[in-house]
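A quick write-up on the structure given underneath.
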Amino acid sequence: MFAPDIILAAVLNGLMTGSVYALIALGLTLVYGVLHIINFAHGATLTAAMFAVYVAHTVFRLDPYLALVIVTPLFFGLGYGLQRFVIGPASHGEDRNILLVTLGLSILIENAMLAMFRSDTRSIDVPYAFSSIDLGFTFLALPRVLAFGVALLVALLLGLLLTRTDTGKAIRAVAKEKTGAALAGIDVAHIYAVTFGLGAACVAIAACLLMPTFYVTPRAGNAFVLVAFTIVVLGGMGSIPGALIGALFIGVVESLCGLFFGESLGQIGIFLIFILVLLVKPTGLFGARA
Amino acid sequence: MNATRAYLPAVALLLLAGLIPVLVAANTVLNFIVFTLIIALAAQGWNLLGGFGGQFSFGHAAFFGTGAYATAILQARYGVNAWAGFAIGIALSAAVGWMIGYLSFRSGLRGSYFALVTLAFAEVFRILANASAFTGGAAGTLVRLDMRPENFQFASRAVFVWIALALVGFVLIMTIAIGRARFGAWLAAVRENEDAARALGVDVLGVKLKAITLSAGVTGAAGALYVQYYLYLDANIAYGAWISVEALIAPIIGGIGTPLGPVIGAVTLHGLGELTKLFAGRIPGIDLVIYGALLVAAIAFAPDGIMGLLRKAQRRKDADKATDQNVTEGTL
């Protein structure tokens, strides 16, 4: 058996991985909550954002944390435009079509990345990549602690945006009842696009937090998003606190499964939870009836 | 529509395609045809469930891979005859289809949820096949090269073209027959409105289960054929997302819910894919960029696919003819 401090270290590491999962899952759940559809292009968006951070660093010598200030609004705009001018008009208002259009976009973006950057694994060098904090029984990597803090802050800000601002109120209104919202004078197409933009901004932040310690390939985003699907389903599709708690939980489960069963089977635990939740309680832990 | 008119175009097309290996001997061409037909077969499987039944699976790799692995492992490990392995492979993938269908349809999963759960099942299979020694792990499984007809291996690629054509043709005729049968009507009812279908006395769960079992068996046959042709398999080929995507895009481009749609879609996509490679050179992923763009464009501008466009053109021609006739009659 493992000593308690090893297990505790694994739990802490899991929580930090989970916080990045949370950001990705927040974007996914937000879009689901409003458009009632899974955004299959979420993974490709994450990959694109990671490449953006990579290019910002190698070409413009920009630190990934500084790049956050540029990449986040850029991806908000990108997400907004994608929903407003591509996904929305192309899907003729049918849920099934949105599913397929986002799938088509994900294939397109992923392979455009492949054509541009080839399938090499790329990472960036930052001086603080191996800085760590000594907790006595274990070391925590500084970039991951930072990621944890920023992720929680973003979740908090997103929560405030949704509850305290007019735009947030409009987003929640459209999520609840889009016809009613339209009758009340809310521009539904605009709100859809804003929501999509917010989702893309979330993965852009996640990309900035990931890049100091992680690598990027044209398929890098997919692994994260499959996990994010699990989190979103577990937490209840559309639920913000659900996504947050689900993400931290899944991060810990993955870390512990990796410790006990080895890296390659660590993910199995996640998928089994995923299938089990889908089959037994598809509304998740915090979700209303979908 | 009478029976001859329903089946005639399909049969004629198949017979014509059967002539290709007689006229063309180039291996690259025959390779392309066999591969495209394997995709078409997988897509025909998807179309039975997704097109006729309206249940969009994002994880048909689970069935393709099971058919492929079963056929390969039965031969490589247990010395089972290749033809028997082929049949067992189809049966096993149908069984996996029934199981996944039973679990997810019984829980009432539809739309996004069904897409996700099928995706997850395929991923679980992929990770397990990649990690377990039984499937050869990451190194994959080889089928021993021994080119004899009793081993389902042929020195001539033409024979493979005919076998693939025969399978695609069989499924094509089966699909047309389903479309004309009561089962087809039930499937359409489930697709259009599940609650209304149930209210009218359609056994929704039973119909969906029958559809996914059949669908999985057909896609499993594509997997089994794949392994007999290439004699090699690993987890990313068998259970990779690529085949789930191929199986889904072809029917949508060709014409979802039409018997010929998946075949036309597969030929169009792979024809275009080869052309792009020809012009753009060997840039990796460039053919898939085209697929992605085509999928979005098809949904935006031709939601009924190529078959829908053809039908529309035909109707317009008929309408023109009718007006012409009226004009002529009017002058008399």
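Note that the coordinates shown come from a computational prediction; the quantities given were computed from them, not determined experimentally. In the text below, chain A, chain B and the rest are named by the order of the sequence lines, each starting its count at 1. Atoms considered below: every heavy atom in the structure, side chains included; atoms not considered: hydrogens, waters and symmetry mates.
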Task: 4.5 Å side-chain heavy-atom contact, B/Y291 and B/E246 - done: yes
Task: Residue, of B/L116, B/V245, B/L103, B/I286, that accumulates the most heavy atom pairs under 4.5 Å with chain A - done: B/L116
TODO: Taking atom CZ of A/R219 as the centre, report whether more than 12 heavy atoms of other residues, nucleotides or ligands fall under 6.0 Å from it.
DONE: no
- [ ] Please look at B/L109 and chain A and tell me whether the side chain, the backbone, both or neither of the residue comes under 4.5 angstrom of a heavy atom of that chain.
- [x] side chain
- [ ] Decide if atom OH of B/Y232 counts as having more than 12 heavy atoms of other residues, nucleotides or ligands within a radius under 6.0 Å.
- [x] yes
TODO: Applying ring pair (Phe, Tyr, Trp, His ring centres under 6.0 Å) between B/F114 and each of B/F58, B/F121, B/F105, report the one that passes.
DONE: B/F105
Open item on the list: Counting only non-hydrogen atoms closer than 4.5 Å, does A/L226 touch chain B with its backbone (N, CA, C, O), its side chain (CB onward), both, or neither?
Closed with: side chain
Task: Pick from A/L105, A/T102, A/L114 with the largest number of heavy-atom pairs that fall under 4.5 Å of chain B - done: A/L114
Open item on the list: Taking the cut-offs as 6.0 angstrom to the six-membered ring centre and 45 degrees off its axis, would you call A/R122 and A/F117 a cation-pi pair?
Closed with: no
TODO: Answer yes if the ring centres of A/Y54 and A/Y215 are under 6.0 angstrom apart, and no otherwise.
DONE: no
Task: Heavy-atom contact with chain A under 4.5 Å, split by part of B/I290 - done: neither
TODO: Please look at B/L294 and chain A and tell me whether the side chain, the backbone, both or neither of the residue comes under 4.5 angstrom of a heavy atom of that chain.
DONE: neither
- [ ] Could you check which of A/I38, A/L279, A/V86 has the highest count of heavy-atom pairs closer than 4.5 Å to chain B?
- [x] A/L279
